[in-house]
Amino acid sequence: MQPSPNKLRREGSPWTGLWAVFFKEMADHLSSTRMRILEVLILFSAVGAVYAGAQTLRQTIGEDPFLLLRVFTAAQDPLPSFVAFLSFFLPLAAIALGFDAINGEYNRNTLSRILAQPIYRDALLWGKFLAGLATLALILLALFLLVVGLGLVFLGVPPGSEEVGRALLFLLATLAYTGVWLGVALVTSVLFRSAATSALAAIAVWLFFALFWGIIAQLLAQAVAPFDPFDPESELRQTEALLAFSRLSPNTLYAEAIQVLLNPGIRSLGPVLITQLQGALLGSPLPLGQSFLLAWPQLTGLIALTLLLFALAYVLFQRREVRA
Amino acid sequence: MVIETQGLTKRYGKVVAVDGLDLRIEAGEVYGLLGPNGSGKTTTILMLLGLTEPSAGTVRVLGLDPTREPLSLKKQVGYLPDSVGFYNEMTAWENLAYTARLNGLPRDLSRIRIERVLQRMGLAEVAHRPVSAFSRGMRQRLGLAEVLLKEPRVVVLDEPTLGLDPEAAQEFLKMIQSLKAEGITVLLSSHLLHQVQTICDRVGLFHKGKLVLEGRVEELAQRILGGAYRIRLEATPLDGLVERLQALPEVSRVQTDTRGLRLEASLDIRPQVARTVLEAGAALHSLSLEQPSLDEVYARYFQEVRHAA
Ligand SMILES: Nc1ncnc2c1ncn2[C@@H]1O[C@H](COP(=O)(O)OP(=O)(O)OP(=O)(O)O)[C@@H](O)[C@H]1O
Ligand SMILES: [Mg+2]
């Protein structure tokens with residue numbers, strides 16, 4: 001394919017029509033059956049998780065300054081915690097909203113008609129992406145308020161301002177994580193003409209990171225930094241390599257970020273040396289600002305990954321022929 | 001000149017879909033881009049609208065370059081794709097409202113225009129029904145309504161009669177013809193030559209990505225078919241008739257087919273033909289002048305090309 005210098009000097013704004021696409025897609029999402037199913041699914045699991053969490057908390061911990069955060073993370077067999085539920089469901093919800101974004105337009109024969117209107121492809125892709133993200137943010141916010149409300153009902157203790165701050169940051173991290181999966185779904189929706197194939201491919205990526213990446217990272221770490229029984233530092237090197245490899249997965253980044261944000265007791269991620277602990281009071285909670293700084297690389301990592309995936313979808317989409 | 005291309009070429013790998021096309025269409029013309037399947041009509045149209053990039057050559061539509069100034073171009077050019085699709089769960093009105101927003105029309109203006117175009121296309125009664133319940137013909141009319149929504153100066157229609165029954169097709173073609181009266185330039189593509197020949201001011205015949213013939217329908221008929229007058233007659237018995245008719249000085253060709261005879265003549269010589277038939281002692285059942293058909297022009301042209309090769 002030959003390069004096209006014309007593309008560099010395009011007339012007008014690439015955002016023309018963005019909001020028209022955004023509001024149309026948003027309305028589609030909110031009224032879709034798909035959304036109803038997701039809502040019911042997530043609602044039930046959230047209520048269950050919060051209820052179970054609150055039960056455990058009432059029995060065990062009496063006075064905890066971070067009761068709300070505990071509600072998020074406490075689990076009671078056989079139910080997982082609210083956070084665990086979220087990290088399981090939200091990627092699926094994001095995939096459900098994005099897997100037919102572009103191929104759906106092809107399959108309905110609407111793409112050439114829409115692109116014949118005075119807009120760029122940029123506006124279509126951004127509009128769809130932002131609408132998906134806004135919809136997920138809406139779900140997330142509703143869920144969050146629900147959990148906070150339920151927590152209040154079950155525990156009767158209002159959250160403090162720092163706790164609310166942490167909870168909001170947690171929300172932000174979760175949104176960034178969801179954005180990654182929306183990006184994955186957008187890419188597969190450009191790559192595969194069939195919606196079913198696209199959904200399957202996106203879920204395969206998700207399964208790969210959820211189930212297999214841990215094992216693969218382990219194997220890679222062993223290959224890169226083999227354990228040597230006569231070298232005491234080799235173990236540390238292997239642990240570091242393992243951490244580096246596992247951080248290529250959005251799941252790891254997200255897990256680390258929310259660990260830091262929801263647990264003020266965590267002062268460092270990864271292997272901790274004794275020297276790093278000197279002067280630090282063990283067990284004393286980290287202030288919000290410090291926790292935020294600690295989670296910053298993970299947060300930016302998630303956001304960067306989202307943008308990268310979007311850029312990939314963008315490049316692929318620009319090269320697609322408008323007809324099948 | 002509303003549409004002008006020079007050496008326009010599109011290659012898909014080794015396939016040359018459009019090959020060095022020079023097209024010039026004047027304001028207010030109805031131009032038919034005709035040719036069999038896979039001859040490059042759709043590809044040409046997509047390049048005119050900037051929906052696919054040319055491999056070589058230049059395009060100007062209303063003086064604008066589709067790859068460099070697509071927004072101002074698409075504001076003034078309406079396009080009806082060959083298999084037009086709508087959002088099924090939305091109503092006709094909602095579909096048009098979305099298009100209006102994409103065009104940046106203010107709300108009040110878009111309401112007025114949507115009402116007007118739906119009325120014009122005879123869809124006012126079904127405006128608030130979901131498009132999923134629309135027939136093929138209704139969808140096609142909704143497509144034209146959408147095209148008219150932006151009050152275009154140029155309208156490009158790809159296979160506008162595809163999938164319509166003959167009556168609906170004629171009605172749709174009349175609607176297209178009415179655009180000419182408003183000063184809109186129309187470019188339409190079709191492989192049904194006989195269907196669109198009546199509404200086209202000029203046609204271009206495509207073959208394997210090349211424009212092989214171009215001009216007014218009568219002109220082409222004159223040029224390719226030789227005699228412009230084609231006379232069909234039914235008579236019994238036919239014995240000896242062919243020779244007698246061939247002997248007439250104006251007749252250039254006589255063909256027999258299942259229903260009777262077909263003559264090509266340089267003048268309208270129906271009276272002479274009738275006399276000849278009666279003089280031969282045959283009974284004349286019918287005698288009529290046939291309009292030259294583009295299909296025939298096309299078929300004959302390729303016959304000649306093949307003979308020449
Ligand atoms: N994306 C593509 N990749 C490869 N070849 C293509 C592509 N699109 C079209 N072609 C080829 O280009 C040629 C012209 O196709 P085009 O669709 O323009 O024909 P057409 O005249 O519109 O035919 P039809 O009457 O069937 O619509 C065909 O040979 C087709 O196979
Ligand atoms: Mg075509």
Side-chain angles (χ1 to χ4, degrees), chain A residues 1-35 100-101 103-124 127-128 131 317-324, chain B residues 10-13 17 42-43 45-46 48-56 58 64-90 94-95 97-105 110 131-132 139 142-143 146-147 149-150 152 156 158:
Chain A
M1 196 168 261
Q2 64 194 45
S4 53
N6 292 342
K7 275 273 166 62
L8 299 175
R9 281 178 290 136
R10 289 192 307 188
E11 154 215 38
S13 154
W15 311 120
T16 320
L18 171 69
W19 294 114
V21 176
F22 176 83
F23 286 118
K24 187 250 171 203
E25 291 294 324
M26 188 91 182
D28 276 2
H29 284 324
L30 294 182
S31 62
S32 68
T33 321
R34 206 178 294 183
M35 190 71 181
D100 64 347
N103 50 23
E105 300 282 342
Y106 274 108
N107 295 335
R108 282 176 289 185
N109 281 325
T110 43
L111 189 68
S112 46
R113 192 170 62 76
I114 296 303
L115 291 181
Q117 308 310 323
I119 62 164
Y120 284 109
R121 293 185 187 200
D122 309 41
L124 190 67
K128 280 177 177 278
F317 183 44
Q318 292 289 349
R319 292 162 155 255
R320 271 272 182 282
E321 287 285 327
V322 284
R323 67 182 147 169
Chain B
K10 179 70 183 181
R11 281 182 287 268
Y12 291 108
T42 301
T43 310
I45 287 175
L46 292 178
L48 293 180
L49 289 153
L51 292 177
T52 191
E53 259 184 80
S55 309
T58 59
L64 299 165
D65 179 345
T67 42
R68 215 174 298 167
E69 299 146 300
L71 296 191
S72 6
L73 185 141
K74 289 193 265 185
K75 270 205 180 82
Q76 306 174 67
V77 181
Y79 168 49
L80 180 65
D82 50 358
S83 46
V84 63
F86 290 92
Y87 300 107
N88 275 334
E89 61 289 346
M90 286 161 57
E94 286 165 349
N95 269 291
Y98 182 39
T99 306
R101 280 199 301 276
L102 289 175
N103 278 281
L105 295 183
S110 82
V131 177
S132 53
R139 272 164 211 265
L142 184 57
E146 192 213 35
V147 163
L149 194 59
K150 53 178 136 182
V156 179
D158 199 355

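Chain identifiers are assigned alphabetically (A, B, ...) following the order of the sequence lines, protein sequences preceding nucleic acid strands; residue numbering begins at 1 within each chain.
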Self-check item: Heavy-atom contact with chain B under 4.5 Å, split by part of S13(A)
Solution: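 The backbone, not the side chain.
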
Quiz item: Relative to chain B, which segment of T16(A) carries a heavy atom at a distance below 4.5 Å: side chain, backbone, both, or neither?
Solution: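 For T16(A), the side chain is the part near chain B, not the backbone.
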
Quiz item: Could you state the interatomic distance from CG (L51(B)) to OG1 (T43(B)), rounded to the nearest 0.5 Å?
Solution: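 The OG1 atom of T43(B) is 11.5 Å from CG of L51(B), to the nearest 0.5 Å.
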
Quiz item: E89(B) versus chain A, heavy atoms under 4.5 Å apart: side chain, backbone, both or neither?
Solution: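 Contact with chain A is through the side chain of E89(B) alone.
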
Quiz item: With a 4.5 angstrom heavy-atom cut-off, which part of L46(B) approaches chain A: side chain, backbone, both or neither?
Solution: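 It is the side chain, since no backbone atom gets that close.
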
Quiz item: Are D100(A) and R34(A) ion-paired here, with the side-chain N under 4.0 Å from a carboxylate O?
Solution: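 Looking at D100(A) and R34(A), the cut-off is met.
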
Self-check item: chain B-proximal positions within residues 17-26 of chain A [heavy-atom distance under 4.5 Å]
Solution: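 Listed by number: G17(A), A20(A), V21(A), K24(A).
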
Quiz item: For K74(B), does its backbone N or O pair with a side-chain atom of K150(B) as donor and acceptor, under 3.5 Å?
Solution: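 Yes: the side chain of K150(B) pairs with the backbone of K74(B).
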
Practice problem: Using modelled atom types only, decide if a donor and an acceptor are shared between the side chain of N95(B) and the backbone of Y87(B) within a distance under 3.5 Å. | Solution: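 Present.
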
4.5 Å side-chain heavy-atom contact, [X] and [Y]:
{"X": "F86(B)", "Y": "R108(A)", "value": "no"}
{"X": "Y12(B)", "Y": "K10(B)", "value": "yes"}
{"X": "P66(B)", "Y": "L73(B)", "value": "yes"}

Quiz item: Taking K75(B), R101(B), E146(B) one by one, which has the highest count of heavy-atom pairs under 4.5 Å against chain A?
Solution: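 The residue among K75(B), R101(B), E146(B) with the greatest pair count is E146(B).
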
Practice problem: Check the pair T52(B), E321(A) against side-chain hydrogen bond (donor to acceptor under 3.5 Å, both in side chains), reporting the backbone distance first and the verdict last. | Solution: CA-CA 7 Å; T52(B) 191; E321(A) 287 285 327; 3.2 Å; yes

Quiz item: Which residue out of N107(A), I119(A), L111(A) racks up the most heavy-atom pairs below 4.5 Å with chain B?
Solution: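 With the most close heavy-atom pairs to chain B, the winner is I119(A).
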
Self-check item: Test side-chain hydrogen bond (donor to acceptor under 3.5 Å, both in side chains) applied to T110(A) and E105(A), step by step
Solution: CA-CA 5 Å; T110(A) 43; E105(A) 300 282 342; 2.8 Å; yes

